[in-house]
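Working notes, structure below.
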Amino acid sequence: MLPLIAKRSFHVTAAAKLAKMSIIGTIGTDLVPQETSNGKKFVKYSIAVNNKNKSGEQVTSWFNVAVFNDKQIDYMTKYLGKGVKVYVEADATNTPYEKEGIKTYSFMLFQNNIEALKYPKSQDESS
């Protein structure tokens, strides 16, 4: 006979907004540390993700990523760079703003984790 499960009380809280993405792509920009107006270090960069459409043509989607974690920034600027294939886990945001009276959206990823998957061949290795 299975034991009885104790009664559990549940608390109702407002639903958290959750939008997470995991992507595999190639770093498409240089990784240059910057600082916010209050001195917090960050890096903004782009990742290219290549896919083929129905007709077999290659289509590249670009994702803008920001990272604010000091350890990740140090690792990235030391070991990663343009052309490195990476796996990124991130929180996604879609922020509205107005440009010339037209409502527009800015889609941005805030990196939680990054892992290098493949480094590009250097000129010496390809010879």
Side-chain angles (χ1 to χ4, degrees):
M1 179 175 236
L2 296 173
L4 293 175
I5 297 174
K7 283 187 175 180
R8 294 176 21 184
S9 63
F10 292 93
H11 298 282
V12 178
T13 57
K17 293 180 180 159
L18 179 67
K20 295 207 176 269
M21 285 186 68
S22 298
I23 60 173
I24 294 175
T26 304
I27 296 174
T29 53
D30 293 325
L31 303 174
V32 180
Q34 302 173 49
E35 283 190 9
T36 63
S37 58
N38 63 356
K40 178 76 175 145
K41 190 163 66 166
F42 73 98
V43 170
K44 281 176 74 174
Y45 65 100
S46 296
I47 293 181
V49 177
N50 295 317
N51 292 303
K52 290 191 177 178
N53 63 16
K54 291 179 182 180
S55 61
E57 298 169 342
Q58 182 172 306
V59 177
T60 303
S61 297
W62 288 91
F63 294 90
N64 294 316
V65 184
V67 56
F68 289 88
N69 181 296
D70 288 339
K71 288 182 182 180
Q72 288 184 27
I73 291 169
D74 293 341
Y75 166 77
M76 291 172 65
T77 55
K78 187 173 182 181
Y79 298 108
L80 304 180
K82 192 173 182 178
V84 177
K85 189 172 195 173
V86 292
Y87 168 77
V88 173
E89 294 173 348
D91 296 326
T93 64
N94 199 23
T95 308
Y97 66 95
E98 272 197 38
K99 183 175 183 178
E100 299 175 4
I102 300 171
K103 191 172 188 177
T104 309
Y105 291 87
S106 172
F107 185 75
M108 186 77 176
L109 300 176
F110 292 93
Q111 178 179 300
N112 295 320
N113 190 31
I114 188 166
E115 183 178 334
L117 299 177
K118 185 177 180 182
Y119 289 89
K121 292 183 179 180
S122 68
Q123 293 295 333
D124 297 336
E125 291 177 15
S126 61
S127 303

Assess whether side-chain contact (heavy atoms from CB on, under 4.5 Å) is satisfied between Phe42 and Val67, documenting all intermediate values.
CA-CA 6 Å; Phe42 73 98; Val67 56; over 6 Å; no
Under the side-chain contact (heavy atoms from CB on, under 4.5 Å) rule, what do Tyr105 and Tyr97 come out as? Steps first, then yes or no, please.
CA-CA 6 Å; Tyr105 291 87; Tyr97 66 95; 5.9 Å; no
For Asn112 and Asn69: C-alpha separation, side-chain torsions, deciding distance, then whether side-chain contact (heavy atoms from CB on, under 4.5 Å) applies.
CA-CA 8 Å; Asn112 295 320; Asn69 181 296; over 6 Å; no
Chi angles and distances behind the side-chain contact (heavy atoms from CB on, under 4.5 Å) call for Lys118, Ile24
CA-CA 11 Å; Lys118 185 177 180 182; Ile24 294 175; over 6 Å; no
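Applying the ring-ring contact (aromatic ring centres under 6.0 Å, His included) criterion to Tyr119, with sequence neighbours excluded, gives no partner residue. Remark: Tyr87 engages no residue in a ring-ring contact (aromatic ring centres under 6.0 Å, His included) (not counting sequence neighbours).
The backbone N or O of Ser55 sits less than 3.5 Å from a side-chain atom of Asn53, completing a donor-acceptor pair. Checked by atom type and distance alone, the side chain of Glu98 never pairs as donor or acceptor with a backbone atom of Thr104 at under 3.5 Å. In this structure a side-chain-to-backbone donor-acceptor pair under 3.5 Å is present from Thr29 to Ser46. Formation of a donor-acceptor pair under 3.5 Å by the Lys41 side chain with backbone atoms of Phe68 is not found in this model.
Counting heavy-atom neighbours within 6.0 Å of Lys52 NZ, excluding the residue itself, gives a total of 12 or less. The local environment of CZ in Phe107 is crowded, with over 12 non-hydrogen atoms from other residues, nucleotides or ligands closer than 6.0 Å.
Applying the salt bridge (charged side-chain N to carboxylate O under 4.0 Å, His left out) test to residues at least two apart or on different chains, the pairs with a partner in residues 80-93 are Lys20-Asp91.
Nearest heavy atoms, Gly81 versus Ile27: O-CB, 3.5 Å. Closest approach of Ile114 to Tyr45, counting heavy atoms only: CD1-OH, 3.7 Å. Of all heavy-atom pairs spanning Met108 and Ala66, the tightest one is CE-CB, 3.4 Å. Nearest approach of Pro33 to Val43, heavy atoms of both residues: CA-CG2, 3.7 Å. The shortest heavy-atom contact between Pro120 and Gly83 is CD-O, 3.6 Å. When all heavy atoms of Val86 and Ala116 are compared, the closest pair comes out as CG1-CA, 4.2 Å.
Using a 4.5 Å cut-off on side-chain heavy atoms (C-beta onward), Ile47 and Val88 make contact. Considering only heavy atoms from C-beta on, Lys40 stays 4.5 Å or farther from Gln34 through its side chain. Inter-residue side-chain proximity for Leu109 and Met21 is flagged as met; some heavy-atom pair is nearer than 4.5 Å.
Separation of atoms CZ (Phe63) and CD1 (Ile23) is listed at 5.5 Å; rounding is to 0.5 Å.
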